[in-house]
Every structure is written in C-alpha cells, then in structure tokens.
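For clarity, every value in this text was computed on a predicted model and none was experimentally measured. Heavy-atom basis, side chains included; hydrogens, waters and symmetry copies ignored. We name chains A, B, ... by the order of the sequence lines, and we start the count at 1 in each one.
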There are 2 protein chains.
Amino acid sequence: MASRSRRPERRQEPLSRERIVGAAVELLDTVGERGLTFRALAERLATGPGAIYWHITGKAELLGAATDAVVTAAVTAGPTGAADSPQDAVRAVALGLWDATEAHPWLATQLATQLSRTPWGTVAPRIFESLGRQVQAMGVPEAHWFTASSALMHYILGAAGQNAANSASAGPVGADVDRDEFLDTVSTAWEGLDPDAYPFTRAVADQVRGHDDREQFLAGITLVLTGITALHRPGR
Amino acid sequence: MASRSRRPERRQEPLSRERIVGAAVELLDTVGERGLTFRALAERLATGPGAIYWHITGKAELLGAATDAVVTAAVTAGPTGAADSPQDAVRAVALGLWDATEAHPWLATQLATQLSRTPWGTVAPRIFESLGRQVQAMGVPEAHWFTASSALMHYILGAAGQNAANSASAGPVGADVDRDEFLDTVSTAWEGLDPDAYPFTRAVADQVRGHDDREQFLAGITLVLTGITALHRPGR
DNA sequence: ACCTGAACACCGTTCAAGT
DNA sequence: ACCTGAACACCGTTCAAGT
C-alpha cells in the first residue's frame, strides 16, 4: 500500500435514499443507535443535515429503511441451496435472522419497534411470507396457516432479540472466550437470586453455563415445529 | 380557601423513587414514550428536573423501572385462583402479559429494549421464573427445562409485542368497532401486496379479517405447549 | 440529605437561500 | 430538482447554590 490514501472517497456521487440508508447501517453498526444522528450521517455523506430530508421524511423512516435493508438481506440470502425439507428451510430463515441480530446488535430493538408500529412496513410481511411458505409446504391445513406461521415468527423474533444482548456485550462474533465469560456472568448472577422468589431460575442457572446459544435457539425451533406437526397433523 | 393554594394537591409528600416511577407510567400511558421527558415529569411532581436525579440515575433506569413495575403487576396478578393445570397456569401468565401490553402500548418496545440490555434487569428473570415453574410442574425432564421455558417466553414476548401495535392504533381496549376496522385495514393491505413476492401472505389475508387476536394468541401458546409435551414426553 | 433551576451540550427538523 | 447551513424548539444531564 504505497499511498496512504486517507480516503479517496469519491464523494460526489449524488445523494440517494440508498446511499443514505447504507451509511445509516454502517453508523448503527459502528457507533450504535445513539450514534446515528443526522449531523453524523451528513458528515459521513459530506453534506448538510438538511439534504437528507430531501430523500427521507425523518428519523423514523430512516430506521425503518435500515431495518428493512438488513432483514431483506438476511431472509433472502440463507443457504441458497435447496433445503432437504420445509423444516430445514424454516431453520435456514431462522438462522439468517439470528445471524443478522448478531452482526447488527441494534436490529433486535428495531424489529420490535417496527413491528409495533402501524402501518406495518415491509419487514413483517417479508419474514411472515418466507416462513408461511414452508408451513404450507409442510402440509398444514389452510385453516391453521396463520397460527402456525405467527407462532414461528414470534418465537424467532423473541429469541433473536434476546440474543442481541449477549452478542452486544460479548464482543464481536467469534470471540468465543468473551462469550463464555458472559454466560458465566449470567449464570453466576442467576445463582445469586433470592432463593424464595427465584427457585426455578436458580435451578436452571447451571445449564446456561457453557451452552451453545445457537443450538439452544434451534432446539426451540424444533420444539415449535413439533408442535405444529403434532397439533395439525398434516396429511402426507 | 383563603390562602391562594392554587393546587390543593398535597404536593408536599416527599419525592421518592416509587412516586417518580408511578408518575412515569402515567405519563407513558397518557402521552406516550415521546411525552415522557424529565421536564414534564418534574412538572407533574411539582419539582425541578434536577430533583429526579437524586432518586434515579437517568432515563434508562427510569424506563427500566417503569417496565419492571408493569410487568411485575401483570405476572403477579393473574387469576389468583388455582389453575386447573400447569398448562392453564402458563396461559394465565401469558394473558397477563398480553393484557399489560394492551393497557400500556409502550410496553412492547420497552420489553425488547430491556431484554436486549445487559446486565438483565429483573424483568426477564421474573417472566422466566413464572413460566419455568409450570414447565417443571408439567413433568418435563430437567435437561429440557431451559429450552422449554425459553421457547414459551420468546413466543409470548414476540406475540405480545406485535399486539401492541394493533391496540395502539385501534384505540382503547374495548373499542371493538375500531379493532375490526383495523384488522380490515391490515387484511386489505395484505391483499394488495405483490402476488409474485407475497403469495402466502395474500392467501392468508382473509383469515385475518374478523379473527380474535386473543384467541389466536392462545392458539399459539397451545401450539408451543403441545410441542413441549410431544418432544419431551414428560413422564406421568 | 434532599431539592432548585439555570446552564451546557447536544438533538431532530425546518426553511430561506442558493445552484 | 436538489442541496446548504443557520436557526428553532426542544432534549437529557450536570452542578453550584440553597434549605
């Protein structure tokens, strides 16, 4: 690397919704939700705060668009290869979202915010659709499609959300040591709870130590899939 | 009232963490998350913004405490009567949280935020504990306690979160007409989606119209409970 | 110990003015 | 049509000063 090109950034490609959202995601990833301000975003885009409003109506839309971009990538990507079964396809979608919340710790909170906003954006339908198709493929009777797909979606979003906490505090993905340390901290904290008020949580505390989050998450998916199969007895 | 006490409210009971959190919940309920400011809170408590900091470290703790207060009430209350079965007890806990998100539309977002914050507050363990005890009572083998309880918690939080949107936009609880109108809007919106990209969601759109959210939520609980029973074959 | 309220360092958003 | 950047109306938080 001869020239230490501080930033050859071709700065003058014009502003666009797409560039703005891309920069917003980068900012969220690097400096977190509190770091995403219109001033910081404008600086990164070499413009003024006002310019952004020509392309985006406000911060709510900006966060919505950033969430949508990341979710779309997560749900679309996945192991493109054909899954062996609808069940495996559900697992692929689920893991895509799981990994996304690990790569983008701000995603969990944003998902909750987006979903509890009306009118729904494109985020909820996107996830719902990719799960629902597999439910359909599993042979679940039509009357139960909605219930089964919703249950899957809610479990996935809940679990992925909780995971974001761990990832955020356990450092970057792959830092296994930190992660083990973190689980150890949780486990120890739980063991320190009031024995009268939290007997169950204390009893389970030890299982948390050294467990594999990802596997635990998949075990939950299997549990819901089992419920769908057992309850709706898809014919085949 | 000879003396000009413009406000008969016994204003001089001293400030306390409890009073502050109570006022915060009221403010969240009436003017929403954006309306909860230290200035508004101070006015309601007939004091200055600075005074609050003597009892609470900052806004994050304030929101956490408000969430904890509401969740504790929801999980503790419930139909105190003995449930017929552990399954029914799970349903009671679930409905308690469901109703809480309906009464406090801000709760869904806050739950996600609290859960994805480290260290966990008291909110997650409280919910986890009340569900876990029932899992235990169902006879699930100890090795699966964590998986089963987590799955229940994640489903409940995900579903309750989504519901908050509907409640918030459908107006106060009990406004059945508005709610039906809202579901009709969702259904129509889904039917308008791109047929190529959203075939499943479109196919299901009609089921949404006129369905009972609460029953749908309980159907999901039953689904997860069925999965737990089928997969872990509790001995009995 | 507890409260007051002005002051600080920010925000999101708007809008006249430029090109 | 698109961008600029100063200005407005707020925020959360701090802290000297009071009681």
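Separating the OH atom of B:Y53 from the C1' atom of D:dT14 is a distance of 9 Å, rounded to the nearest angstrom. Atom C1' of nucleotide C:dC10 and atom NZ of B:K59 are separated by 14 Å, given to the nearest angstrom. Atom CZ in A:R39 sits roughly 12 Å away from atom C1' in C:dT14 (whole-Å rounding). In this structure, the CG atom of B:L63 is 14 Å from the C1' atom of D:dC11, given to the nearest Å. Atoms CG (A:L62) and C1' (C:dT13) sit 13 Å apart, rounded to a whole Å. The CD1-C1' distance, from B:I56 to D:dG12, rounds to 14 Å in whole Å. Distance B:E33 CD to D:dC11 P: 14 Å, rounded to the nearest Å. C:dC3 atom C1' lies 15 Å from atom CZ of B:F38, rounded to whole Å.
Using Watson-Crick or G-U wobble geometry with both donor-acceptor distances under 3.5 Å, C:dC10 finds no partner in any strand shown. Checking D:dC15 for Watson-Crick or G-U wobble geometry (two distances, each under 3.5 Å) identifies C:dG5 as its partner.
Nucleic acid contact for B:I52: none, since no nucleic acid atom lies under 4.0 Å from a heavy atom of the residue.
Salt-bridge annotation for A:R17 and A:E61: present, with a side-chain N of the basic residue lying under 4.0 Å from a carboxylate O of the acidic one. For B:E129 and B:R133, the salt-bridge test passes: some basic side-chain N is under 4.0 Å from an acidic carboxylate O. Salt-bridge formation is not detected for the pair B:D194/B:R202: no Lys NZ or Arg NE/NH1/NH2 atom is positioned less than 4.0 Å from an Asp or Glu carboxylate oxygen.
Looking only at side-chain heavy atoms (C-beta outward), B:T72 and B:V123 stay at 4.5 Å or farther from each other.
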For this session: Apply the test side-chain contact (heavy atoms from CB on, under 4.5 Å) to residues A:V93 and A:L152: give CA-CA distance (whole Å), side-chain angles for both, the deciding distance (0.1 Å), then the verdict.
Result: CA-CA 11 Å; A:V93 171; A:L152 277 171; over 6 Å; no
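Side-chain proximity of A:A51 to the nucleotides D:dC3, D:dT13, C:dT13 is greatest for D:dC3. Side-chain proximity of A:P14 to D:dC3, C:dT13, C:dC3: nearest is D:dC3. Candidate nucleotides C:dT13, D:dC3, D:dC11 were compared by shortest atom distance to the side chain of A:P49, and C:dT13 ranks first.
A close approach under 4.0 Å does occur between a side-chain nitrogen or oxygen of A:W54 and OP1 or OP2 of D:dC2.
Place A:R34 and A:G50 on DNA chain D by their nearest nucleotides, and A:G50 ends up nearer the 5' end.
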